[in-house]
Amino acid sequence: MLKTPKISDAEWEVMKICWLKSAPCTANEIVKALERSTDWKPNTIKTLIGRLVKKGALAFKEEGRSYIYNPLVAEEECIKAESKSFLTRVFGGALKPMLVTFLQEEKLSQDDIEELKQLLEERKE
């Protein structure tokens, strides 16, 4: 199995655009989407795309004068890797302190609490 590439915060924004589209997308589509939500210049976005290609997170093919990009890694895969990295960096890999901190600091709806209870019950079995 290939190692999931480490993706920076800015690169995550590019990947989110690619994951949202059900079909491969052009560099121009990625640029337009990010120009709406960031103040990044097109060259900055293209640099991020290039980094993701080098890291093996995106693949591309040339079609005429356009480059078409598609993700090589699944969003779920990257979320798992990032979660594990966060847990290790911030909490020394210990899940319980992270959960306790989260539960003490975040406001949870009754639905959230019920869903968490159900997940914990399922894990108990």
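Each residue takes its place number in the sequence, starting with 1.
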Q | Residue pairs fulfilling salt bridge (charged side-chain N to carboxylate O under 4.0 Å, His left out) with at least one residue in residues 57-68, sequence neighbours excluded | A | Lys61-Glu63

Q | salt bridge (charged side-chain N to carboxylate O under 4.0 Å, His left out) against Lys55, all qualifying residues, sequence neighbours excluded | A | Glu11

Q: Return the set of residues passing salt bridge (charged side-chain N to carboxylate O under 4.0 Å, His left out) with Glu115 (not counting sequence neighbours), or none when no residue passes.
A: none

Q. Which residues satisfy the side chain to side chain contact (heavy atoms under 4.5 Å, CB included) test with Lys84, sequence neighbours excluded?
A. none

(Q) Restricting to side chain to side chain contact (heavy atoms under 4.5 Å, CB included), what partner residues turn up for Ala81, sequence neighbours left out? (A) Thr4

Q.
Please evaluate residues Arg123 and Leu119 with respect to the criterion side chain to side chain contact (heavy atoms under 4.5 Å, CB included), reporting the C-alpha separation (whole Å), side-chain torsions for both, the decisive distance (0.1 Å), and the verdict.
A. CA-CA 6 Å; Arg123 289 295 298 241; Leu119 286 169; 5.6 Å; no

Q) Under the salt bridge (charged side-chain N to carboxylate O under 4.0 Å, His left out) test, which residues partner Lys16, sequence neighbours left out? A) Glu13

Q.
Running the 4.5 Å side-chain criterion over Ile, Leu, Val, Met, Phe, Trp and Tyr, what cluster does Leu87 land in, apart from itself?
A. Phe86, Val90, Phe91, Leu95, Met98, Leu99

Q) Between Glu29 (side chain) and Thr26 (backbone), is there a donor-acceptor pair under 3.5 Å? A) yes

Q | Residues which pass side chain to side chain contact (heavy atoms under 4.5 Å, CB included) with Glu121, listed by chain and number, not counting sequence neighbours | A | Lys124

Q: Output all residues satisfying side chain to side chain contact (heavy atoms under 4.5 Å, CB included) with Ile113, sequence neighbours left out; order by chain, then residue number.
A: Leu108, Gln110, Lys117

Q: With sequence neighbours excluded, give me every side chain to side chain donor-acceptor pair (under 3.5 Å) pair touching residues 86-98.
A: Ser85-Arg89

Q) Does Lys107 have any salt bridge (charged side-chain N to carboxylate O under 4.0 Å, His left out) partners at least two apart in sequence or in another chain, and if so, which? A) none

Q) Using a side-chain heavy atom cutoff under 4.5 Å and only I, L, V, M, F, W and Y, what cluster partners does Tyr67 have? A) Ile7, Trp12, Val14, Met15, Ile17, Trp19, Ile30, Val31, Leu34, Trp40, Ile45, Leu48, Ile49, Leu52, Val53, Leu58, Phe60, Tyr69, Val73, Ile79

